[in-house]
Amino acid sequence: MDVRTVDHPLAKARLTVMRDARTDNATFRAALHELTVMLVYEAMRDAEVRTERIHTPVARTDGYWLANPPLLVPVLRAGLGMADQAHRLIPDAQMGFVGLARNEETLEPTPYMESLPASLAGRPVFVLDPMLATGGSMEYTIRLLTDRGATDVTAVCALAAPEGIKHLAEAGLPVRLVTASVDERLNDSGFIVPGLGDAGDRQYGAV
Ligand SMILES: O=P(O)(O)OC[C@H]1O[C@H](OP(=O)(O)OP(=O)(O)O)[C@H](O)[C@@H]1O
Ligand SMILES: O=c1cc[nH]c(=O)[nH]1
Ligand SMILES: [Mg+2]
């Protein structure tokens, strides 16, 4: 699986704010917003562009437009904290939504919401979720997308565990990963180590 790690100093600094247990909810959300800009910027590096001649006030030159903007799919709750920033960078993008909550005992995703276009054939899709832990939630989401014909999926995650990357690679799904860090491992409770805790709770409070 293609894994691109954005280890720019600015990304590392935002991630450090998110990791720090002393960071309050509002500051955590602000750091995730800023990190999302960097991750999506990198995820769009190879996006197809359409060229058209334009006039500047001075001369004619080539202008560039996104030929096929991705569908953005935040995974609720935690992925909501990435949605607006990704949308600001790609204003022409459409957005779908998936709601999942991981069962704390089994670590299996429990779906509670799904709002996606019927056909995704020929459309790139960016799944926005800060955390790739066991990979169960991401696999569930990607299967919703491939069932609708998607063949070009990018998982945009603040953090990833090696176990989750292995899980997705072994599932043989058409996905690449853009992340700010591949951390050490999962602990016995399925949390990423060193990680940042529960990305939903860190943004919105514990449920
Ligand atoms: O790779 P996995 O082991 O499936 O874990 C990752 C999932 O866990 C978190 O969501 P959570 O289930 O805590 O829901 P929340 O966003 O509502 O907090 C996270 O945002 C991912 O969706
Ligand atoms: O470390 C983890 C693992 C799953 N989900 C989170 O929010 N954090
Ligand atoms: Mg959570």
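What you see below is based on every heavy atom in this structure, not just the backbone, and it leaves out hydrogens, waters and symmetry mates. Counting starts at 1 for both ligands and their atoms, in listed order.
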Among all protein non-hydrogen atoms, which one is nearest to [atom], and what is the separation to 0.1 Å?
{"atom": "atom 14 (O) of ligand 1", "answer": "Leu100 O, 3.7 Å"}
{"atom": "atom 18 (O) of ligand 1", "answer": "Arg77 NH2, 2.9 Å"}
{"atom": "atom 6 (C) of ligand 1", "answer": "Met131 O, 3.6 Å"}
{"atom": "atom 2 (P) of ligand 1", "answer": "Thr134 OG1, 3.4 Å"}
{"atom": "atom 11 (P) of ligand 1", "answer": "Arg102 N, 4.1 Å"}
{"atom": "atom 7 (O) of ligand 2", "answer": "Ala199 N, 2.8 Å"}
{"atom": "atom 16 (O) of ligand 1", "answer": "Ala78 N, 2.9 Å"}
{"atom": "atom 19 (C) of ligand 1", "answer": "Asp129 OD1, 3.4 Å"}
{"atom": "atom 13 (O) of ligand 1", "answer": "Asp198 OD2, 3.6 Å"}

- Strictly under 4.0 Å, does any heavy atom of Ala101 approach an atom of ligand 1? yes
- Message: Quick test of your reading of the structure: of Ser137, Gly79, Gly135, whose heavy atom lies closest to atom 1 (O) of ligand 1?
- Response: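 Shortest heavy-atom distance from atom 1 (O) of ligand 1: Gly135.
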- Item | From Gly190, Gly195, Gly197, Gly200 - option closest to atom 8 (N) of ligand 2 by heavy atom | Gly197
- Message: Taking only non-hydrogen atoms of Arg102, do any sit less than 4.0 angstrom from ligand 2?
- Response: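 Flag set, Arg102 near ligand 2.
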- Just distances here: any N/O of Ala133 and N/O of ligand 1 closer than 3.5 Å?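 Yes, since at least one N or O of Ala133 sits under 3.5 Å from an N or O of ligand 1.
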- Would you call Met138 and Cys157 a side-chain contact if the rule is heavy atoms closer than 4.5 Å? yes
- Query: What are the two closest non-hydrogen atoms of Pro162 and Glu184, and how far apart are they?
  - Reply: CG-O, 3.4 Å
- Query: Would a distance-only check, ignoring hydrogens and angles, find a side-chain to backbone donor-acceptor pair under 3.5 Å from Arg19 to Gly195?
  - Reply: yes
